[in-house]
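What's counted below: heavy atoms across the whole structure, side chains too, no hydrogens, waters or symmetry copies. Values in this document were obtained by computation on a predicted structure and should not be read as measured data.
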Amino acid sequence: LAPLLAEAPGATLQVEGTVSGATFGLRGHLIAADAGRTARAIAHALGLEPLGLAGQGTLDVQVVGPLAGPTIVLTGKLPLLSYGELRATGVDVSASLPNASRWRQVAAQLLFARLETGDTRFESVKVGLATQGRNVTLDVSSKGLTALMVRAAGRLEGESALALATLTLEWPGTTWTMQSPSRISWASGVDLEPVHLRADRQTLDVEVHQQPGQLSGRVALVDVDAA
């Protein structure tokens, strides 16, 4: 295939590949010099609200194998990425789909040298996501003064909701475990239904609702040691 070069506001995409019988290989290289400008242009073209995304970096995609079910691998490096009040530096992205005909079998990982929101800062953040059919597992960890670990598992409901079956939060000296199932949906914004957590005699209830430009929620603590 002849190399293809496409340009959009703030971004350049290069694609090249080969085809041999029933197999093919495609390689794409995206240079995002201004992700915010690109996101605004896409939102405008689709008639959507701007995403509030900003940053720069590169993404590489490889699609290799039989036409009926190729393997897809995504890697990327983004020195800076932000969304609203969330700001990340030193971002590494990797994801793989062994067989595109089984698109619900995905393994993905995000690494952040630093992740900040408001006055809170996390160092060496690692996010791992895996799907097997409709089953989903998530592992999140960070190091430093805000060291924590999050483990969650659930099952997709349709295309815009997840039934949350298990959830564990850990930080030095404390482990919180979800006491009953919950649910998170993203049909329009993000809605986290009440989550009830317990650590020994301490209890923590959390509920979050996010819409574009608006965030609301509820946190209730009982017998929590704030020391």
Undergrad: Side chain of Glu85, backbone of Tyr83: donor and acceptor closer than 3.5 Å?
TA: no
Undergrad: Which pair of non-hydrogen atoms, one from Leu26 and one from Gly17, has the smallest distance, and what is that distance?
TA: CD2-CA, 3.9 Å
Undergrad: What are the two closest non-hydrogen atoms of Ala199 and Thr174, and how far apart are they?
TA: CB-CG2, 4.0 Å
Undergrad: Just by distance, do the side chain of Thr71 and the backbone of Pro98 share a donor-acceptor pair under 3.5 Å?
TA: yes
Undergrad: Which value, rounded to the nearest 0.5 Å, describes the distance between Thr75 atom OG1 and Leu59 atom CG?
TA: 8.0 Å
Undergrad: Counting neighbours of CZ on Arg104 that are heavy atoms of other residues, nucleotides or ligands and sit closer than 6.0 Å, is the number greater than 12?
TA: yes
Undergrad: Looking only at heavy atoms, what is the nearest atom pair of Leu156 and Leu162, with distance?
TA: N-CD1, 3.7 Å
Undergrad: To the nearest 0.5 angstrom, please state how far the OG1 atom of Thr18 sits from the CZ atom of Arg27.
TA: 6.0 Å
Undergrad: Report the C-alpha distance between Glu123 and Lys143 in whole Å, list the side-chain angles of each, state the deciding distance to 0.1 Å, and finish with yes or no for salt bridge (Lys or Arg N to Asp or Glu O under 4.0 Å).
TA: CA-CA 5 Å; Glu123 306 286 346; Lys143 300 179 180 179; over 6 Å; no
Undergrad: Just how far is it from atom OG1 of Thr58 to atom NE2 of His29, taken to the nearest 0.5 Å?
TA: 5.5 Å
Undergrad: Output the distance between atom CG (Leu13) and atom CG (Leu5), rounded to the nearest 0.5 Å.
TA: 8.0 Å
Undergrad: Count the heavy atoms belonging to other residues, nucleotides or ligands that lie under 6.0 Å from CZ of Arg201, then report whether that count exceeds 12.
TA: no
Undergrad: Donor-acceptor pair, distance only, cut-off 3.5 Å: does the side chain of Thr38 make one with the backbone of Pro9?
TA: yes
Undergrad: For a quick test of reading the model, state the closest non-hydrogen atom pair linking Phe112 to Ala88 and the distance between them.
TA: CD2-CB, 3.5 Å
Undergrad: Please evaluate residues Asp200 and Thr175 with respect to the criterion side chain to side chain contact (heavy atoms under 4.5 Å, CB included), reporting the C-alpha separation (whole Å), side-chain torsions for both, the decisive distance (0.1 Å), and the verdict.
TA: CA-CA 9 Å; Asp200 296 326; Thr175 299; over 6 Å; no
Undergrad: Go through Thr177 and Thr166 one step at a time and tell me if the side chain to side chain contact (heavy atoms under 4.5 Å, CB included) criterion holds.
TA: CA-CA 8 Å; Thr177 303; Thr166 63; over 6 Å; no
Undergrad: So do the side chains of Leu204 and Val206 get within less than 4.5 Å of each other, counting heavy atoms only?
TA: yes
Undergrad: Restricting to non-hydrogen atoms, name the atom on Ala54 and the atom on Ala35 that form the minimum distance, rounded to 0.1 Å.
TA: C-CB, 4.3 Å
Undergrad: What closest approach, in Å, do Phe24 and Pro66 show between heavy atoms, and which atom pair accounts for it?
TA: CE2-O, 4.1 Å
Undergrad: Is there a side chain to side chain donor-acceptor pair (under 3.5 Å) between Gln211 and His209? Walk through the geometry before answering.
TA: CA-CA 7 Å; Gln211 298 289 334; His209 304 282; over 6 Å; no
Undergrad: Are Leu148 and Leu129 joined in one hydrophobic group, where the rule is that I, L, V, M, F, W and Y side chains link up if heavy atoms are under 4.5 Å apart?
TA: yes
Undergrad: Counting N and O atoms only, with roles assigned by atom type, does the side chain of Ser182 sit under 3.5 Å from a partner on the main chain of Pro194, one being a donor and the other an acceptor?
TA: yes
Undergrad: Within the 4.5 Å heavy-atom criterion, are Glu207 and Asp191 side-chain neighbours or not?
TA: no
Undergrad: Identify whether Val190 and Val195 are in the same connected component of the hydrophobic contact network (ILVMFWY, side-chain heavy atoms under 4.5 Å).
TA: yes
Undergrad: Would a single hydrophobic cluster contain both Val127 and Leu81, if residues Ile, Leu, Val, Met, Phe, Trp and Tyr are joined by side-chain heavy-atom contacts under 4.5 Å?
TA: yes
Undergrad: Are any non-hydrogen side-chain atoms of Leu197 and Thr168 less than 4.5 angstrom apart?
TA: no
Undergrad: Decide side chain to side chain contact (heavy atoms under 4.5 Å, CB included) for Gln105 and Gln132; before the verdict, give the C-alpha distance in whole Å, the side-chain angles of both, and the deciding distance to 0.1 Å.
TA: CA-CA 5 Å; Gln105 296 182 8; Gln132 189 72 27; 3.5 Å; yes
Undergrad: Atom CZ in Arg183, atom CG in Leu164: separation rounded to 0.5 Å?
TA: 11.5 Å
Undergrad: Should Val93 and Val61 be regarded as members of a common hydrophobic cluster, given that ILVMFWY residues are connected when their side-chain heavy atoms come within less than 4.5 Å of each other, either directly or indirectly?
TA: yes
Undergrad: For Trp186 and Gln210: C-alpha separation, side-chain torsions, deciding distance, then whether side chain to side chain contact (heavy atoms under 4.5 Å, CB included) applies.
TA: CA-CA 9 Å; Trp186 50 91; Gln210 185 273 331; over 6 Å; no
Undergrad: Taking the side chain as every heavy atom from C-beta outward, state whether Leu215 and Val208 have any pair of such atoms under 4.5 Å apart.
TA: yes
Undergrad: I need the Gln179 CD to His196 NE2 distance, nearest 0.5 Å.
TA: 9.5 Å
Undergrad: Shared ILVMFWY cluster between Trp171 and Met149, side chains joined below 4.5 angstrom?
TA: no
